[in-house]
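To keep things clear, I will list the structure first and then write my remarks on it.
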Amino acid sequence: MPADSQNPEMSVSDLLLYTGCPRQVYFVSRGFELIPEMSTSRIERMLLKELALTYSEILNKCSLNADSLHCELEAALTQAQRDLPLLFPGEFASSGKDILVEGAARARAQIPEITANLLKAAEEYGKDALLAALTPVKTEPLLSSGKLNLKGVPSKLVRFEGALVPSVIRPGSCPIQGVWASDRLHAAAFVLLLEAESGEEVPFAFVEYAAFGLVRKVIIRSTDRREVLKICRRVEKIKAGFMPERKEGKLCKQCNFLEPCGSGSSLMSKFF
Ligand code: SF4
């Protein structure tokens, strides 16, 4: 907790958790662990994120044709597959090799689409502009603001058209245009944090859809900032002890907190 704050510090991941289910924020803040189950689709997403971190290096060194780009992406994915258990040893401690191989096969199946979209973007915007949008000035920097009582780690900071802006790598599905509302909120939270650190206005951010090789620019408006601040206040209240109403939803089926959350007040009182 920052010295000048009476409230528990929030992280951008708390805000995202809130948009999924406010009650999950409550359980996590009370020490319950939110451990997403290790699955082939989770490994696929982790590998695609690692692969996305190599796009700029690959585009820098290889000629812009489909065969060489595909080949470099394949090699980078093979390397990411080797590195992943070293990067996340705790997460891989109890999962077998098969799940990694299956996850890598799923990630590999995306390479033709990633190749095609990167080439298309290089043609449409120019290689230099694409490289500027993809090349990290810093990878996974910690941003924090005592004033916002918020901290967070964007995937990277990039310099584009003279501005230092955050970029968020998302390994899931991609909308036909623009970005998903949750990705907009994610990007806006990092913009507010970066502005708090730099003291300069940050007008936009990037969201990279790693499974597709697509990078989307997001203009951050006052409505996005208002939404971040509104959720910050709600999360702050929950972390200070307020338990939100239980709202049955599709997340409940796979939620780690189903038992304490779904139980009556007698079991809840055992925990809290
Ligand atoms: S069981 Fe459902 S309502 Fe309860 S914390 Fe989990 S997702 Fe939220």
Side-chain angles (χ1 to χ4, degrees), residues 1 5-49 88 90-95 99 103 106 148-155 168-175 179-190 192-193 207 209-211 223-272:
M1 190 188 303
S5 172
Q6 297 300 308
N7 295 316
E9 192 177 27
M10 295 170 288
S11 67
V12 174
S13 57
D14 292 327
L15 311 188
L16 297 181
L17 207 56
Y18 179 93
T19 60
C21 170
R23 263 208 175 189
Q24 286 192 337
V25 178
Y26 182 86
F27 288 112
V28 170
S29 72
R30 292 294 173 281
F32 279 68
E33 277 196 72
L34 181 81
I35 310 167
E37 201 182 312
M38 196 47 109
S39 61
T40 48
S41 68
R42 183 154 175 241
I43 289 177
E44 177 193 1
R45 292 196 299 273
M46 291 166 94
L47 284 170
L48 287 168
K49 184 179 173 194
F88 305 97
E91 317 229 11
F92 279 88
S94 56
S95 65
I99 199 168
R106 288 171 64 146
L148 294 166
N149 195 25
L150 184 68
K151 65 179 177 183
V153 179
S155 307
V168 182
I169 298 176
R170 303 298 296 155
S173 62
C174 173
V179 301
W180 300 119
S182 58
D183 297 336
R184 175 173 281 283
L185 179 88
H186 203 171
F190 289 129
L192 280 166
L193 279 174
V207 176
Y209 288 101
T223 46
D224 303 317
R225 295 162 185 271
R226 199 174 292 123
E227 186 68 8
V228 172
L229 296 176
K230 184 179 85 185
I231 293 177
C232 277
R233 283 176 206 124
R234 291 182 180 170
V235 167
E236 209 159 43
K237 206 168 139 192
I238 293 170
K239 293 189 98 168
F242 170 76
M243 183 188 275
E245 283 295 310
R246 180 174 201 266
K247 282 197 188 123
E248 193 82 31
K250 58 180 182 189
L251 280 180
C252 296
K253 270 190 194 154
Q254 292 146 7
C255 179
N256 275 13
F257 314 134
L258 190 57
E259 198 181 320
C261 181
S263 305
S265 54
S266 58
L267 181 55
M268 290 288 279
S269 63
K270 278 189 199 171
F271 289 108
F272 309 109

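Model, not experiment: these values are computed from the prediction. One-based numbering, in listed order, for ligands and for the atoms of each.
Across all their heavy atoms, Pro171 and Ala211 have their closest contact at O-CB, 3.8 Å. Across every non-hydrogen atom of Lys151 and Glu9, the tightest pair is CD-OE1, 3.8 Å.
Applying the side-chain contact (heavy atoms from CB on, under 4.5 Å) rule to Lys230 yields the partners Glu227, Arg234; only residues at least two apart in sequence or on another chain are considered.
Only protein N, O or S atoms were considered, and those under 2.8 Å from atom 8 (Fe) of ligand 1 are Cys21 SG.
Between Arg42 and Glu44 there is no salt bridge, since none of the side-chain N atoms of the basic residue sits less than 4.0 Å from a carboxylate O of the acidic one.
Side-chain contact, Asn256 with Glu33: no donor N or O sits under 3.5 Å from an acceptor N or O.
Close approach to Leu258 involves these atoms of ligand 1, each under 4.0 Å from a residue heavy atom: 1 (S).
Both the sub-6.0 Å distance and the 45° axial angle are satisfied by Arg30 relative to the ring of Tyr26.
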